[in-house]
Amino acid sequence: MSDITPAGLVFLGLTAVVVMLISVLVFSVIRLRAAARQTKHTFSEQRDTVFLTAAVDEVIQKLKAQERATAARADASEHLSTQIVAGLTSGLLVVSRAGTLRIVNPAARRILALSDANEGHYRELLAATPELAQVIEEALDTGAPISRRTIALVGRRGPAHLGVTVSPLRSATGSVDAAICLFTDLSAVMAREEQLQLKEALARVGELSAGLAHEFRNGLATIHGYARLIEPEALPERFRPYVTVLREETASLGEVVNNFLKFARPAPLSVARTDLGEVVLRAVADFASEATVQIRGDFGEIEGDEVLLHSAFDNLLRNSVEAAAATGARATILIDGASEGPEQWRIVVTDRGPGISPEGLSRLFQPFFTTKAQGTGLGLAIVQKVIVSHNGTISAQNSAGGGAEFRIRLPVRQPLPTQEL
Ligand SMILES: Nc1ncnc2c1ncn2[C@@H]1O[C@H](COP(=O)(O)OP(=O)(O)OP(=O)(O)O)[C@@H](O)[C@H]1O
Ligand SMILES: [Mg+2]
């Protein structure tokens with residue numbers, strides 16, 4: 001140690017101080033860098049988190065928008081299907097395999113006159129129309145579709161005919177899950193068809209028999225004419241009654257043939273604007289001394305044959321007078337008119353007579369059906385022909401009061417060219 005000079009000692013001391021300073025400096029730099037690195041790392045982490053949150057937010061917003069759009073689409077499609085089901089003019093019933101009515105649309109309620117309740121088995125709900133329930137049952141049982149079947153609903157109020165289509169609904173496994181039943185009220189179509197058939201039948205009968213009746217009438221007129229020429233007083237006493245009978249019989253047969261010709265002969269309508277009120281008044285005037293007639297309601301103008309329409313009302317009133325006379329009473333008749341929309345008039349003729357017998361109700365309009373000793377049974381056949389040739393309808397029933405009731409419907413306009421029967 002004695003070799004080291006004081007200057008050397010100072011040098012050594014300084015060197016030691018410098019080394020220490022450098023060490024402190026290096027340590028500080030290392031700490032600083034570590035700290036800096038730490039800070040940098042935290043910033044990046046924070047930036048990542050913010051980015052991630054924004055991305056998740058965006059995805060959530062997109063999903064929400066998508067959910068809203070899907071819900072809106074579902075709402076719109078449900079609204080549309082509800083509207084379609086409600087707006088259908090056909091009746092719609094959806095019946096599950098177990099028999100519950102899943103859907104009953106307003107048209108089905110209207111056509112079948114169902115109440116608002118649709119709880120319960122379809123057979124109970126369709127108790128008033130078992131024919132319809134049977135078609136649904138058939139489709140559920142067989143799994144086969146039923147296409148456009150016409151069913152008749154006999155003997156009750158409401159539609160007389162329904163056109164029915166039933167389609168079974170199958171599950172993924174192929175079993176029948178439900179049945180969709182669509183139906184329409186065919187009453188008007190069937191009535192038109194019946195009307196057409198009646199017109200055709202009347203035309204056929206007319207063609208066939210008019211010629212024959214015409215020949216009869218000519219022959220009868222000749223016999224009647226000669227019978228009138230025979231002077232009973234010029235004959236021996238015992239032959240005189242024969243002439244009277246001959247005259248009476250030929251006269252009455254002549255009336256039958258004349259009436260039959262009126263019914264059977266194809267007669268063109270002579271159509272003009274006709275006031276139904278005036279036609280009715282004129283017919284009523286003919287029976288002023290034999291009946292008490294009350295006229296009620298409205299009567300408008302139609303395109304029609306005044307002479308034929310007058311003869312139709314004349315026949316109806318005559319029948320009421322005769323029916324009352326059979327019971328020894330004076331006839332009391334009510335004629336009630338009303339418009340049924342702008343295109344049709346309804347006239348109901350009701351009397352207070354004995355009413356129509358059950359047999360009569362089903363045969364009333366048939367030619368030659370009569371319950372009267374002197375009747376030809378052609379009066380109502382002629383009435384029906386007149387109304388049908390005007391494209392109208394006539395039906396008969398007994399009124400609540402017991403008398404006969406004839407319900408006539410006549411259209412305001414006639415199609416061109418004029419109908420011939
Ligand atoms: N207002 C009525 N009340 C009761 N029965 C009626 C009435 N109108 C018709 N009938 C029944 O219908 C039958 C047929 O009537 P329709 O007018 O066709 O023939 P008719 O009156 O017997 O004979 P015709 O009219 O040819 O003289 C009548 O015989 C009668 O039995
Ligand atoms: Mg008559």
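Remember, it's 1-based here, ligands and their atoms both numbered in the order they're listed. In this chain, residues are counted from 1 in sequence order.
Under the side-chain contact (heavy atoms from CB on, under 4.5 Å) criterion, I84 pairs with L80, not counting sequence neighbours.
By the neighbour-count criterion of 12 heavy atoms within 6.0 Å, atom CD of Q134 is sparsely surrounded, having that number or fewer from other residues, nucleotides or ligands. Residue R273 qualifies as enclosed at atom CZ: its count of foreign heavy atoms under 6.0 Å is above 12.
Pairs of residues two or more places apart, or lying in two chains, never qualify as salt bridge (charged side-chain N to carboxylate O under 4.0 Å, His left out) while including a residue from residues 215-235.
Between the side chain of S90 and the main chain of L182, no donor-acceptor pair closer than 3.5 Å is present. Without hydrogens or angle criteria, N398 side chain to I356 main chain gives a donor-acceptor distance under 3.5 Å.
Protein N, O or S atom count below 2.8 Å of the Mg ion (ligand 2): the structure gives 1.
Using a 4.5 Å heavy-atom cutoff, the side chains of V95 and C181 are not in contact.
The immediate protein surroundings of ligand 1, defined as residues with any heavy atom under 4.0 Å of it, consist of N319, S320, E322, A323, D351, G355, I356, L364, F369, T370, T371, K372, G375, T376, G377, L378, G379, L380, A404, F406.
Ionic pairing of R318 and D314 is present here: one or more N-O contacts between side-chain nitrogen and carboxylate oxygen are shorter than 4.0 angstrom. Remark: R97 engages D141 in a salt bridge, criterion side-chain N to carboxylate O under 4.0 Å.
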